[in-house]
Amino acid sequence: MVFLICIIIGVLTAFVGALMGLGGGIVLIPSLLFLAQISDAFTWVTPQTVVGISLIAMVFTGLSSTIAYLKSGRVDYRTGLWFVLGSVPGGMIGSWLNQFVEIESFQLYFGLLIIIVSLLFFLKRNTAKSNLTPKKRSRRFELEGEVYTYYVPLGVAFFLSLAVGTLSGLFGIGGGSIMVPAMILLFGMPAHVATATSMFMIFFVSIFGAVSHISLGHIVWEYALFFIPGAWIGGKLGAKVNQRLTGKTLEWILRIVLVLIGIRMIYQGLM
C-alpha cells in the first residue's frame, strides 16, 4: 500500500512540478508531512528525510521533463547555466543547514516562504518597452516563430540563484517556486521559456543537493526508490501538457498552487 501511495504522489508531484517548472517539492513535501501525521506507515518521515527524497525524485523529474523541453526548443541554455553556477553551491549549503531544522518550524517557514513568493507573483509586470539598447540586452530567444527579448544581469542572476539554491537544499523545493516568478517578473522571460529553463536548472541543482543529503545520511532508500518511477512519468506528462497551455494560463495556475500550498503549510506549522 505504501508503495502505491508513493508512486501516485511521485506522479502527481512531478506532473505539477514539470508543468510549472517548480520541480515538485512544493507538493511532495507537504503530502508526506501530512501522511506522517495520520498514518503509522509514514513514521520515517522527518524534515531531513523528506527533503532528501524530494531531491532524489527531482533528479528524475528534471531529467525527463528537460528532455521533453529540449525537443521543443524551450530551454534557454545560456541563462540556465548562469543560474546553475549560483544554485549548485547554494544547494549544498542549504542541504547542510537542513539538519538543524525542527519539524514545526520547518512547516511554518516553508509555508511563509511560499506565500511570500505567491504574493510577489501577483505583482503586475511592466509591459512597457525598456530603455535598454539592443546591445545591452543579454538574450534574444525565438519560440514558435516569435522572438522574445529580455535582459538578465549576470551578477544578479548568480547571486539570486545562490540564494534560491540555498533555499532549495534547505526546503527541498527545487528552487523553481522562486526562480520561475523571478524569471518572469524580474527578467521578463516568457512563461514557457521560464518553466523549461527552470527544470533545466533544477536537474543539475537536484543532483548536487541529493548527493549532499546522501552524504549526510538523510535518504531512506527503501522508500526513496518508490518515488522514482512516478517522478519520471509525471515529469514527461507535465512537460507535454505545458506545451499545450498559454503563458497566461501557466501564470494563473502557478499563482493558485503557491497560495494553496503556502496556506496549508502554515496551518500545519501552527497546529
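Any value given below was found using the heavy atoms of this structure, including those in side chains, with hydrogens, waters and symmetry copies removed. This is a predicted model, so every value here is computed, not measured. For this chain, numbers begin at 1 and follow the sequence in order.
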**Request:** Carefully, step by step, assess R74 and Q243 under the rule side-chain contact (heavy atoms from CB on, under 4.5 Å).
**Result:** CA-CA 9 Å; R74 294 170 182 254; Q243 297 170 31; 3.5 Å; yes
The test is side-chain contact (heavy atoms from CB on, under 4.5 Å); show your working for V45 and L35 and say whether it passes.
CA-CA 9 Å; V45 173; L35 288 171; over 6 Å; no
Here the gap from S65 atom OG to M199 atom CE, rounded to the nearest 0.5 Å, amounts to 3.0 Å
Exercise for review: Scan side-chain atoms only and decide if T246 and T249 contain a donor-acceptor pair under the 3.5 Å cut-off.
Suggested key: yes
d(L32 CG, Q37 CD) to nearest 0.5 Å is 11.5 Å
### Message
Pairing donors with acceptors under 3.5 angstrom, does anything connect the side chains of T49 and T46?
### Response
yes
Would a distance-only check, ignoring hydrogens and angles, find a side-chain to backbone donor-acceptor pair under 3.5 Å from T197 to A194? no
* Measure the shortest side-chain to side-chain distance between F203 and T61 over non-hydrogen atoms and say whether it is less than 4.5 angstrom. => no
Would you say that I67 contacts K71 through its side chain, given a criterion of any heavy-atom pair below 4.5 Å between the two side chains?
yes
Closest non-hydrogen contact found for A18 with G234 is CB-O, 4.4 Å
Taking side chain as C-beta onward, heavy atoms only, is L19 less than 4.5 Å from L250?
yes
_Between L85 and F204, is there a side-chain heavy-atom distance shorter than 4.5 Å?_
no
Item to check | Beyond-backbone contact of V156 with F187, side-chain heavy atoms, under 4.5 angstrom | outcome: yes
Margin query: Contact between F83 and M183 at the side-chain level, heavy atoms closer than 4.5 Å - yes or no?
Written below: yes
Item to complete: Determine whether W221 and Y223 fall in the same hydrophobic cluster, where Ile, Leu, Val, Met, Phe, Trp and Tyr are linked whenever their side-chain heavy atoms lie under 4.5 Å apart.
Response: yes
- Message: A side-chain contact here means heavy atoms from C-beta on lying under 4.5 Å apart; do I56 and I214 qualify?
- Response: yes
Under the criterion side-chain contact (heavy atoms from CB on, under 4.5 Å), I'd like the reasoning laid out for N242 against R244: C-alpha separation, chi angles, the key distance, then a yes or no.
CA-CA 5 Å; N242 173 283; R244 297 178 179 273; over 6 Å; no
On a heavy-atom basis, the closest approach of A239 and A68 is CB-CB, 3.6 Å
query: Heavy-atom distance under 4.5 Å between the side chains of L162 and S87, does that happen here?
result: no
Closest non-hydrogen contact found for I219 with A224 is CG2-CB, 3.9 Å
Looking only at heavy atoms, the pair that brings G230 and A14 closest together is O-CB, 3.9 Å
Check: Can V2 and F42 be said to form a side-chain contact (heavy atoms from CB on, under 4.5 Å), step by step?
Finding: CA-CA 8 Å; V2 174; F42 290 87; 4.1 Å; yes
Worksheet item: Would you say the ring centroid of W82 lies under 6.0 angstrom from that of F158?
Response: no
Do L216 and L97 sit in one hydrophobic cluster, given that two such residues count as connected whenever their side-chain heavy atoms are within less than 4.5 Å of each other, even indirectly? no
Of all heavy-atom pairs linking V75 and F141, the shortest is O-CE1, 3.5 Å
**Item:** same_hphob_cluster(I7, L225) at 4.5 Å side-chain heavy-atom cutoff
**Value:** yes
Check your understanding: Should we say atom CZ of F226 is surrounded by more than 12 heavy atoms from elsewhere, each under 6.0 Å from it?
Key -> yes
Legend entry - Flag, side chain of S54 to backbone of V50, donor-acceptor distance under 3.5 Å: no
Q. Does one side chain, of Y150 or D76, offer a donor that lies under 3.5 Å from an acceptor on the other?
A. yes
Between L237 and V59, is there shared hydrophobic-cluster membership here, with clusters defined by ILVMFWY side-chain heavy atoms closer than 4.5 Å? yes
Taken to the nearest 0.5 Å, the spacing of I29 CD1 from T13 OG1 works out to 10.0 Å
Taken to the nearest 0.5 Å, the spacing of M20 CE from L245 CG works out to 10.5 Å
Looking only at heavy atoms, the pair that brings G21 and I202 closest together is O-CD1, 3.5 Å
Are the side chain of S64 and the backbone N or O of W232 linked by a donor-acceptor pair below 3.5 Å? yes
Rounded to the nearest 0.5 Å, the CZ atom of F227 sits from the CZ atom of F3 at a distance of 11.0 Å
OG1 of T195 to CD1 of I253, rounded to nearest 0.5 Å, is 10.5 Å
Item to check | Cluster check V193, L70: I/L/V/M/F/W/Y, side chain < 4.5 angstrom | outcome: yes
